[in-house]
Amino acid sequence: MIRVLVAKPGLDGHDRGAKVIARALRDAGMEVVYTGLHQTPEQIVDAALQEDVNVLALSILSGAHPTLVPRIMELVRANQMDDMLVLLGGIIPEDDIPVMLAQGVARVFGPGTDTNDIITYIRQQVSAE
Amino acid sequence: MKDWLTVQTGIRNGDKRAVARGLTWVEQGTDNGKRLVKSLFGSAGRAHVIGVTGAPGVGKSTLVNALALHLRQKGRYVGILAVDPSSPFSGGAILGDRIRMQDSVMDPGVFMRSLASRGHLGGLSRATFGAVTVLDAAGFDTILIETVGAGQSEVEIMQLAHTTVVVLAPGLGDDIQAIKAGILEIGQVFVVNKADRDGADHTVRSIRGMLTLATEHPDWMPPILKTVAERGEGVAALRETIDGHRQHLETSGIWHQFRRTQSEHVVGQVLEDWLLRHLNEARGWPQWPGWLAAIAEGRLDPERVAESVWHGAPYEED
Ligand SMILES: Nc1nc2c(ncn2[C@@H]2O[C@H](COP(=O)(O)OP(=O)(O)OP(=O)(O)O)[C@@H](O)[C@H]2O)c(=O)[nH]1
Ligand SMILES: [Mg+2]
């Protein structure tokens, strides 16, 4: 059973996208922990740790990813949660993508992404472990 | 964290990452998980296990959060398990109870895990018993279990929890629903949450009326409390009542019998697992479709087929 935490760090007030993803993953047979809006990096990583998820899916629309993602990845490493796949979705400018990947994000999915691509990617990565 | 001994030792030391991984193994029902529950069972049995049940949306998660915060103030260590239903179609689930527990789950003395029911009926998941053992062995002295909000007779929580708290909310004729669902029989404590709304006193009165009808053993007359979980109101009184129930269990000797009573239930669960496994195997037998057709046409006794499933081998044609 694949377990995913869908998390919304930062201050943006829209979680429609995150909910669409959560439902799509549920319909693909995954267990999705959803924690709501306005999560701090500490809350997110603590939730991921306690829930022992295979995948942490971050949704950031506010443009705050340059500060939020490094902090989250720092906490992930500090807790030695190296076997967790971290994905990033939302509005991430093209130029920032390599920076996010260098931080340890496995893949960035842009706004128009077909949810099936995300599902396929998660299945491949998790079964490869 | 993949090594069994590291996880087992970590759990005994209360390490959260080890607890989390142990719970995953228990949920998966792997050999690692079974070995873990077996090895930890001896050091478990100290925690007060409290079930929180009630219809969807009455405020169970909000109440568990408020209770956990209050218990922490009293120096207690709190484990929380919250069960949500799995989709019968995809097998997936959305686990949303954590949303209402944000205040308490960041406390280092609280551990919270969401569980999907994974097809198990009765408001819990198959792994809940093992999960309680892990949290108990990790040193959480108070364990709160939020059941699926099915609002139906979630009797299984009684096998697992020393104290079951039934949560209701004013309005919607929920009093009538409660009797229908048989929820009155399972509660040792009743809470009318959302007492900031109209009709709370009415709900209290109707529960009291029905309880006096239903209760045959007045050595513990279930108290009925009002709370406003969102503001933490009435939560201190609830905690005192729950502690009072534990006291009652201890003085009456029920506490010490509890694990034995529970053990019978655990044996039954294992048996159920085995039978289901046999049934799944039988579905792959070449004879299976023919047998089903024969039963449907009245040419074959279903008991004969059931016996084969039971023994794990197809019967010989005579
Ligand atoms: N007015 C009022 N609303 C409350 C109170 N407690 C909880 N709520 C609200 O009731 C709604 C449901 O609360 P939850 O705690 O999620 O209820 P639940 O029983 O856990 O729900 P499920 O897990 O879906 O069955 C939320 O919007 C809460 O904010 C209360 O004391 N008063
Ligand atoms: Mg809930």
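Residue numbers start from 1 in every chain, and the chains themselves are labelled A, B, ... in the order their sequence lines are given, proteins ahead of strands. Reckoned from all heavy atoms, side chains included, excluding hydrogens, waters and symmetry mates.
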query = Atom CE in Met112(B), atom CG in Asp46(A): separation rounded to 0.5 Å?
reply = 12.0 Å
remark   = Taken to the nearest 0.5 Å, the spacing of Glu31(A) CD from Ser90(B) OG works out to 9.5 Å
What do you reckon, is [atom1] of [X] surrounded by more than 12 foreign heavy atoms closer than 6.0 Å?
| X | atom1 | result |
| --- | --- | --- |
| Asp31(B) | CG | no |
| Phe109(A) | CZ | yes |
| Leu11(A) | CG | no |

Looking only at heavy atoms, which two atoms of [X] and [Y] are closest? And how far apart?
| X | Y | value |
| --- | --- | --- |
| Ala93(B) | Arg26(A) | N-CG, 3.3 Å |
| Gln43(A) | Met106(B) | CA-SD, 3.6 Å |
| Gln50(A) | Val105(B) | NE2-O, 3.5 Å |

query = For Arg23(A), is it the side chain, the backbone, both, or neither that has a heavy atom closer than 4.5 Å to a heavy atom of chain B?
reply = both
request  = Under 4.5 Å heavy-atom distance to chain B, tell me which part of Gln39(A) shows up: side chain, backbone, both or neither.
outcome  = side chain
key: Flag for Gln102(B)-Thr35(A): side-chain donor and acceptor within less than 3.5 Å   = no
ask   = What part of Arg100(B) is in contact with chain A, defined as an atom under 4.5 angstrom from a non-hydrogen atom: side chain, backbone, both or neither?
value = neither
Interface moiety of Met101(B) toward chain A, non-hydrogen atoms closer than 4.5 Å = neither
remark   = Highest number of heavy-atom pairs under 4.5 Å with chain A among Gly96(B), Ser114(B), Ala116(B) belongs to Ser114(B)
task = Verify side chain to side chain contact (heavy atoms under 4.5 Å, CB included) between Asp52(A) and Arg113(B), making sure each step is shown before the conclusion.
result = CA-CA 9 Å; Asp52(A) 194 24; Arg113(B) 181 65 168 250; 3.8 Å; yes
message = Let's test your reading of the structure: which of Ala28(A), Ala47(A), Ala22(A) forms the most heavy-atom pairs below 4.5 Å with chain B?
response = Ala47(A)
Donor-acceptor under 3.5 Å (Arg98(B) side chain, Glu51(A) main chain) = no
message = Applying side-chain hydrogen bond (donor to acceptor under 3.5 Å, both in side chains) as the test, list every pair that has at least one member in residues 92-101 of chain A; sequence neighbours left out.
response = His65(A)-Asp96(A)
ask   = So, do Met1(A) and Glu27(B) sit near enough that their side-chain heavy atoms are less than 4.5 Å apart?
value = no
